[in-house]
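Since the structure comes first, as structure tokens, the remarks are kept for the end.
Residue numbers begin at 1 in each chain, while the letters A, B, ... track the order of the sequences. What you see is a predicted model, and the numbers here were worked out from it, not measured in a lab.
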Amino acid sequence: MIGILKGLATTFSTFTRHPVTIQYPDEKHALPERQRSFPVLTWDFDHDEPFCTGCNICARNCPVDCMTTVMHDNPKHPEGTSDRRKIIEKFWIDYARCMRCNICVEVCPFEAIAMDNNWSGHEHSVYDRRDLHLDIEDLLAVSKSGELANPFRPLDSIEANAALAEGEDAPPAGFQGGRPEARAAQAERVAQGQGAAIQEREPEVQEAAAGAAAGGTAQDDEVATMSPRKLRARRMKAERDARTEQETGEVSAETIAALRRYASEVYTEITGEPVPPIGTPAVAAAAPAAAGTPAGDVGDPNSPRKLRARRMRAERSAGEHLERGEEVPAETLQALNETESELYKQITGNDPSGTAPAAAAPPAAPAEAGAQGDPNSPRKLRARRMKAERTAKEHLERGEAIPDDLLATLAELDATIPTAADGSGGTDSS
Amino acid sequence: MSVWPEERVTPNSDLDTVDMTVNVGPQHPATHGVFRMVLTVDGERVVDCEPYIGYLHRGLEKLSENADYRQAMGWWDRTDYLAGMCCEGAYVMAVEKLAGIEVPERAEYIRVLMMELSRINSHFMFLGAFGADVGSFGTSFTYAWRERERIYDLIEEVSGDRMFPTYFRIGGITMDLPENFESRCRWVLGSIRQGLEDLDGLLTGNEIFVERCQGLAPVTPEQAIAWGFTGPMLRATGVPWDIRKAEPYSVYPQMNFEIPTGHQGDVFDRFHVRLAEVYQSARIIEQCLDEMPAGRVLAPKLAKTLRIDDGELYMPTEGTKGEYGVYLMARGGTQAYRAKLRAPSFSNLSPLKELVVGTYVADAIVILGSLDIVLGEVDK
Amino acid sequence: MTFGDAFFGLSWLDAIIRVLIIVGAMTVVVVYLTWGERKVIARFQMRLGPTRTGPVGLLQGVADALKLLSKEDLRPRNADRWVFEFAPYLTFIPVFLVLVALPFARDWGVRNLALGMFFVFAVLGLNIVGVLMAGLGSGNKYALLGGVRAAAQMISYEIPLVVALLAVAMVAGTLDLNAIVLQQADRPFVLIQPLAFVIFFTAMLSELHRAPFDIPVAESEIVGGYFVEYSGIRWSMFQLAEYASLWAFSIFGSVVFLGGWEFPMGLEWGWGWQLALTFIKSFIIIGLIFWVRVTLPRLRVDQLMSFCWKVLIEVSFVLLLVNGLFLVYEWPEELLALANWAGTFVLLGAVYLHATRKPERKNLVGSYKHAEVPTP
Amino acid sequence: MSDEEQSVEAEPAIATLVRGRLPDVPFEASKTKSYADLRIAPGHFLALVTGLRDDDELAFDLLRNIVSLDMEDEGLWAKYHFYSFKHGHALQVTVPTPPGAPTIPSLTALYPAANWHEREAAEMMGLVFEGHPDPRNLLLEEDLRIHPLRKAHPLQKAEILQGIEDGPPGVEV
């Protein structure tokens with residue numbers, strides 16, 4: 001009987017202890033940070049769009065194929081409010097198939113998918129299995145509502161571990177998406193009436209209206225702002241095309257243009273002309289738009305967009321100098337003056353000279369260039385005159401005679417005709 | 001009369017009784033999962049037993065051959081779903097040995113710690129369910145479940161998921177232990193010991209329990225080895241064989257622990273061996289916590305997708321129910337050419353007919369409970 | 001006001017009113033016993049038990065009753081119709097009859113029968129018929145097994161129950177329950193006859209299919225025993241019968257062994273206190289039953305039978321013999337009590353030694369004579 | 001018996017031991033990443049296994065595992081893993097069968113443990129074990145004669161919406 005009495009004693013001792021069960025729907029025990037219930041997409045409050053760009057890596061790596069994604073061009077990219085060119089359009093996860101193995105979170109390069117680590121992830125009971133196919137709205141709901149406050153990312157842990165193991169300090173937590181601060185910032189922006197997304201860049205003017213020339217200038221502008229790595233890639237691609245076309249005999253026009261634009265040596269082989277240097281952002285206005293170049297593809301350097309770009313560059317460099325407290329260098333001042341920026345007035349205290357000398361209005365500006373405003377306004381005339389002078393100077397530097405149509409425009413704009421001795425070299429300092 | 005099915009008449013018995021087939025079907029509280037056993041019963045005695053398995057067959061091996069090594073992890077910890085980490089550990093060690101990947105020291109220690117936690121988890125499931133089989137109306141069940149919940153919470157804090165942690169990776173583990181893990185783990189070990197005392201007090205000395213289990217389906221060591229018993233089933237017959245000691249792997253050689261063995265190999269010894277093993281596992285966990293080295297938890301310079309050229313390997317490990325062996329054959333490429341699981345419950349269950357014939361219906365249920373089978377790994 | 005005389009002088013009206021009171025009391029008690037059992041067992045297992053229905057789950061019994069009333073009352077096609085349908089009544093009526101003879105306070109009882117205890121024994125035998133009818137009638141293998149097991153168990157455990165109570169009746173000298181209680185003014189019979197109480201308690205557990213003897217309703221072996229095919233109101237009749245008999249036996253036990261409504265307080269307290277005392281004592285016995293149910297695993301059928309026929313019946317006859325000896329020779333009562341206590345320890349010791357004997361190697365697997373039966 | 005020091009061409013210790021004890025059984029030995037491997041034709045397989053089990057020098061008394069392999073053009077193979085409690089050493093035996101005739105003698109008489117393993121290998125891969133006492137299907141239904149683990153058997157297309165299509169889910173393979 002001793003065993004039975006010991007058993008009774010045990011049950012009596014548990015009778016006196018506090019019960020361990022809790023009333024689930026009312027009280028819920030705190031979930032650990034690494035808890036993972038089901039994958040959900042995270043919402044980028046800074047750009048008011050999901051982080052997911054639809055690259056489909058997670059769907060490919062999923063052992064049970066429970067994800068389907070559809071990608072499309074990001075409408076916000078041209079508006080300049082987001083630098084993602086592609087964004088997710090439709091995204092389904094079949095929670096009935098998902099086995100919660102966390103592989104998708106690990107392989108996602110954009111930290112776009114995270115495991116829901118709060119109770120909402122556990123309350124997915126439905127009556128029909130098909131309701132478990134969650135589409136993008138449901139998947140984003142958790143993060144959009146701010147419930148997914150601190151999603152856990154295993155990769156942060158691996159990198160942090162590796163860093164700690166080597167003795168360095170742990171890198172900052174990688175997960176920026178869907179953070180409460182970003183959500184608060186967005187709320188303020190909306191309160192102040194601005195757009196829900198940060199304005200990343202100037203909204204791009206609709207390309208179609210500017211036509212081929214502007215298209216050219218648009219490309220030039222693009223070349224100007226491109227990173228060296230991209231430039232090299234574009235140049236090599238152009239050279240490759242050129243090589244292939246050389247075997248077939250005739251090299252097409254746009255390949256030559258590309259070669260020229262990206263200042264590739266192959267250009268000199270084909271056309272025998274020296275390759276103009278690419279206008280790096282620091283140098284203000286040395287776009288090599290020789291009027292006489294064949295097939296005027298390079299586009300007119302004085303198009304309004306170019307002017308505006310140069311003015312902003314000048315202002316930026318001037319601003320930097322001012323911040324550093326140095327005296328603004330001469331050619332930046334000159335650039336400011338040319339592009340009539342208000343900053344010039346603040347620095348030198350007088351009106352930008354660009355508008356002062358009422359030079360005769362040279363009529364020979366390319367008719368289609370002046371998309372906005374009256375083509376013969378004093379500012380336009382002055383700009384055309386200076387362009388004519390510059391091209392004439394280049395011809396002199398290359399040792400050629402100034403072509404007579406250029407002479408006619410110079411006379412018409414009664415600009416000072418530079419002589420071969422005039423070595424001032426204008427503004428294209430290297 | 002319609003009630004009496006025309007069954008085979010038992011020969012050489014004076015009263016022409018009719019044998020009745022009792023269908024201990026897939027949905028039965030005592031079959032620990034979807035397992036069906038058709039007992040032919042003469043009165044209360046079992047005359048014949050026909051086990052039917054395969055209800056939980058999910059094609060583990062076919063799936064593993066059509067997914068790369070990392071993806072297959074999710075299926076392998078669903079075989080012995082009571083001890084997710086043990087299965088993952090076996091699979092991961094097999095792949096690493098095949099690919100020749102070196103795992104950092106700290107990861108090995110954490111793996112051993114997690115595997116032992118899962119072993120305790122699975123043994124508690126046995127202790128709880130066995131008490132219910134013998135009839136103590138769920139008291140032992142709730143005692144065992146209290147501990148299992150605490151172990152699951154600990155595993156959830158470490159890996160993020162309770163039953164299917166997919167916490168190990170080929171080449172180490174996904175993430176290091178959280179900061180408060182050591183204190184949490186020691187607290188859980190304390191509550192495990194308390195739970196064990198409760199269960200011990202409730203069942204072990206109990207005269208009725210002893211009466212029900214003593215001398216029930218005893219098995220000699222030779223019979224056990226012939227039937228392919230491994231793990232607690234074999235140790236209950238007195239053979240001190242544990243793969244963690246016989247063919248050591250990972251950092252088990254640095255751990256010191258005993259191998260509890262029984263005398264008669266009957267149901268009572270099996271219960272005792274598993275009860276004692278929980279104490280040993282707790283000891284191992286404490287040693288792991290004390291000697292845990294610092295350092296990386298994932299091998300450096302791991303390939304993005306693992307490719308293993310020709311080679312084959314059979315990696316036996318000590319699962320909770322017995323020898324959990326993983327056979328892998330690779331012929332280049334990211335997917336295993338053949339993956340086979342040697343499931344301990346599969347072999348432990350095969351001689352059910354010889355064990356059960358001749359006992360009572362109530363004993364058949366208790367014997368089935370003592371085998372501690374998990375249908376996830378029987379049906380693969 | 002003594003409750004002994006009839007209401008309004010008409011004996012038949014009085015009988016009806018008392019029976020209605022008893023029926024009312026029984027349903028209330030049964031409803032709250034189901035709730036109480038689940039709460040107490042939950043506490044033993046460190047969990048909360050029902051808390052959803054009502055403040056502390058108090059309306060759980062009512063909720064169960066409503067649920068069962070709304071459930072459809074099925075009858076399997078190959079069930080024998082009338083046997084199947086009358087079985088629940090035959091298990092419920094005997095239990096209700098037992099309540100008739102029980103005194104709850106000084107004169108509080110439906111009828112104060114001179115042979116109260118004898119009437120209880122007689123009526124108890126009836127519900128075996130009901131159990132067998134349920135088992136055979138429902139045409140289901142599990143029910144059949146459950147029914148046969150229940151019948152065997154109840155018949156065999158009735159003998160030690162009756163003999164133990166006879167031993168007490170001998171000491172008390174009467175079969176009238178009221179008189180038995182009056183005799184326990186200074187000391188409850190449990191102190192004098194502990195062996196009888198132990199035998200009574202174990203035999204009662206198996207009559208109620210409870211705790212170590214719940215083989216007919218062993219959910220892990222044959223799912224649910226004889227009432228597996230019943231549903232709805234018919235099934236609730238079985239539950240009603242089970243809890244009513246639990247309550248009836250605990251009242252009976254407290255009356256016969258623990259001194260009923262008289263022991264510590266004597267007679268001068270009002271009938272309210274007496275009623276309360278009886279209820280408290282019966283709840284003590286019910287608590288003991290729940291406690292044993294939570295702790296002890298289930299006995300196998302053959303162990304159950306061998307325990308009854310080889311141990312309990314012999315010990316109860318020896319008890320009867322010893323009581324007879326002491327009463328014939330009028331030896332002092334204390335000596336009788338001493339002998340009884342010694343007998344109790346001998347019984348418990350025997351159980352302990354039997355369980356922990358050295359496990360000799362039983363026949364090896366597969367050597368059972370039936371095994372050579374050609375398998376299909 | 002670690003593999004590193006063993007030079008590639010030298011035979012593993014176990015193989016030389018077995019060759020010594022059972023000279024008349026023709027087999028080629030090789031090394032795998034875990035155990036030594038003996039390759040033997042189905043004809044001599046039974047002789048080898050009885051030798052392994054009964055010889056007290058070898059005493060392989062535990063049949064651990066039977067693996068069935070579909071080597072496509074080289075036919076179906078079976079690999080057996082043995083372990084000896086007495087000496088503590090382990091061994092793998094490979095039995096390649098020609099593509100046409102996948103028959104291997106059954107070991108159930110020697111090792112009762114082989115019973116279920118062989119039934120499972122037979123139903124999953126299509127190997128035929130002669131002399132098996134109870135060659136019914138183990139995991140699949142009784143009358144199902146397909147062998148899912150063969151490389152030719154297609155992996156069922158993951159049905160996207162279970163229960164949506166009228167026919168059984170995902171049948172259009």
Quick check on B/Tyr55: does its OH atom have over 12 non-hydrogen neighbours (other residues, nucleotides or ligands) under 6.0 Å away?
yes

Check whether any side-chain N or O of C/Gln303 sits under 3.5 Å from a backbone N or O of B/Glu211 as a donor-acceptor pair, and report yes or no.
yes

So which heavy atom on C/Leu144 is nearest to which on B/Met20, and how close?
CD2-SD, 4.0 Å

Of all heavy-atom pairs between B/Tyr143 and C/Phe44, which one has the smallest distance, and what is that distance?
OH-O, 3.7 Å

Residues 284-292 of chain C side chain polar contacts: donor-acceptor under 3.5 Å, at least two apart:
{"from": "C/Trp291", "atom 1": "NE1", "to": "A/Leu8", "atom 2": "O", "distance (Å)": "3.2"}
{"from": "C/Trp291", "atom 1": "NE1", "to": "A/Thr11", "atom 2": "OG1", "distance (Å)": "3.0"}

How many angstroms lie between CD in C/Gln45 and CZ in B/Arg146, if you round to the nearest 0.5 Å?
11.0 Å

Hey, what do you get for CD1 (B/Ile208) to CZ (C/Arg300), rounding to the nearest 0.5 Å?
12.5 Å

If you apply the rule side chain to side chain contact (heavy atoms under 4.5 Å, CB included), what do you find for B/Tyr360 with C/Asp302, and how did you get there?
CA-CA 9 Å; B/Tyr360 290 88; C/Asp302 63 320; 3.7 Å; yes

Bottom line for C/Asp80: the part with an atom under 4.5 Å from chain B's heavy atoms is neither

The test is side chain to side chain contact (heavy atoms under 4.5 Å, CB included); show your working for B/Thr142 and C/Met46 and say whether it passes.
CA-CA 8 Å; B/Thr142 36; C/Met46 296 175 67; over 6 Å; no

What I'd like to find out is whether the side chain of C/Leu296 reaches to under 4.5 Å of the side chain of B/Asn206, using heavy atoms alone.
yes

